[in-house]
Number of protein chains: 2
Amino acid sequence: MTNLLKNKKISETPFRKEVLSIFTKYNNAIPLSIVEKELREYNRITLYRTIKIFLEKGIIHEIIITGEKSNYAICQEECVTNLHYHQHIHFKCNRCGIVSCVEIGKFPAIILPKYKIEQLEIQATGLCKKCNA
Amino acid sequence: MTNLLKNKKISETPFRKEVLSIFTKYNNAIPLSIVEKELREYNRITLYRTIKIFLEKGIIHEIIITGEKSNYAICQEECVTNLHYHQHIHFKCNRCGIVSCVEIGKFPAIILPKYKIEQLEIQATGLCKKCNA
DNA sequence: TTATTATTGCAACAATGTTGCATAAAATAA
DNA sequence: TTATTTTATGCAACATTGTTGCAATAATAA
Ligand SMILES: [Mn+2]
Ligand SMILES: [Mn+2]
Ligand SMILES: [Zn+2]
Ligand SMILES: [Zn+2]
């Protein structure tokens, strides 16, 4: 993770470095509102474009849970494009509200007869490990 | 399913009946754009409010898949509120583009140590049974 | 250092969704 | 059926979210 931006072949600008550092700082997924607050100087349009290119280059991925605003999290795996294939679960805690990527021992194998499943997205809501303790 | 609107204790208006008939006509989930096209006379605001109350009363549920517009489908189960607990999978076909609710034999049991899972949402993308044939 | 290429930020726009309020319609009571 | 109450509708106006053209600026390559 020395130089993710250069590795992904996008120019390294102060704005992008700051956005990236915000995502790496958090251990969970965050919505744009948090990125905005963390940025000391922010431009709406540039942020949208930054999010877009980070998604395209496989730097972050988007988590959309019904009733929530979009959340974004760093890709742990080596995602090359915006076609992500994460073997983890997206969890939304109903108490603290945090959305996070949770690794799971064995990712379930879903079989639908006659269908061909290429990608799976599993979302769970409930109580996170902190709030459930 | 004689009178769903009355059963759910919301007034029965021509607009709501027409929207409901559109949802029942389709065997898959549909986005608002299709509802609009099917309605002969439509008002944007009234449609939004109709969708909202249908969601609240458990008449329809929303399916949000990354990169797609929201899709809506009739609730098969007896959903009372907007807290849905469907034991099916939301499938998006990458060829025909259709989003549908697919029943599955045994719904997977996900176990995350220390977490308490209250609801699960499983989304799959790939080829539907028609496109995979 | 210079030339080339890509990013930024402004303005303007587009799409999506919400709210107050007067009118109209539906449900309920008489 | 008719009168009363309750709820839905549609307009206008606004709010939020996301996009695009373009000139200035900054980053990369030569
Ligand atoms: Mn994730
Ligand atoms: Mn469904
Ligand atoms: Zn929590
Ligand atoms: Zn298909």
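By convention in this document, chain letters (A, B, ...) are assigned in the order of the sequence lines, proteins followed by strands, and residues within each chain are numbered from 1.
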How close or far is atom [atom2] of [N] from atom [atom1] of [X], stated in whole angstroms?
X        : N       : atom1 : atom2 : result
Ile64(B) : dT17(D) : CD1   : C1'   : 14 Å
Glu36(A) : dG18(D) : CD    : P     : 10 Å
Ile51(A) : dT19(D) : CD1   : C1'   : 15 Å
Leu47(A) : dT8(C)  : CG    : P     : 11 Å
Tyr42(B) : dT9(D)  : OH    : P     : 15 Å
Lys9(B)  : dT28(C) : NZ    : C1'   : 15 Å
Lys57(B) : dT7(D)  : NZ    : C1'   : 12 Å
Tyr48(A) : dG9(C)  : OH    : C1'   : 15 Å

Nearest to the side chain of Arg16(A), which nucleotide is it out of dG17(C), dG9(C), dT7(C)?
dT7(C)
Close side-chain approach of Tyr26(A) to Glu38(A), heavy-atom, < 4.5 Å:
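Heavy-atom side-chain distance check passes, below 4.5 Å.
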Contact between Phe54(A) and Arg16(A) at the side-chain level, heavy atoms closer than 4.5 Å - yes or no?
yes
Please write out the pairs of protein N or O atoms and N or O atoms of nucleotides 1-3 of chain C separated by less than 3.5 Å, giving the distance to one decimal.
none

Is the Tyr115(A) ring parallel, tilted or perpendicular to the Phe91(B) ring (thresholds 30°, 60°)?
perpendicular
Tell me whether the rings of His61(B) and His90(B) are parallel (<30°), tilted (30 to 60°) or perpendicular (>60°).
parallel
Closest heavy-atom contact between Cys96(B) and Cys93(B)?
N-SG, 3.4 Å
Test item: Gln123(B) side-chain N/O and Ile64(B) main-chain N/O as donor-acceptor pair under 3.5 Å:
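Between the backbone of Ile64(B) and the side chain of Gln123(B) there is a qualifying donor-acceptor contact (under 3.5 Å).
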Is there a donor-acceptor contact under 3.5 Å linking the side chains of Glu62(A) and Ser70(A)?
yes
For a quick check of understanding: with a heavy-atom distance under 4.0 Å over all strands, which category does Arg44(A) fall into, base, sugar-phosphate or nothing?
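Base, at least one base heavy atom under 4.0 Å.
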Going 5' to 3' along nucleotides 20-30 of chain D, which nucleotides have protein heavy atoms under 4.0 Å from the base (write B), which only from the sugar-phosphate (write S), and which from neither (write -)?
BB-----SS--
With side chain to side chain contact (heavy atoms under 4.5 Å, CB included) as the criterion, how do Ile10(B) and Lys57(B) come out once you've worked through the C-alpha distance, each side chain's angles and the decisive distance to 0.1 Å?
CA-CA 9 Å; Ile10(B) 63 172; Lys57(B) 296 291 176 175; 3.5 Å; yes
Taking OP1 and OP2 of dT16(D), is either one under 4.0 Å from a side-chain nitrogen or oxygen of Lys69(A)?
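Checking Lys69(A) against dT16(D): no side-chain N or O falls below 4.0 Å of OP1 or OP2.
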For Lys116(A), check salt bridge (charged side-chain N to carboxylate O under 4.0 Å, His left out) against everything at least two apart and list the hits.
Glu118(A)
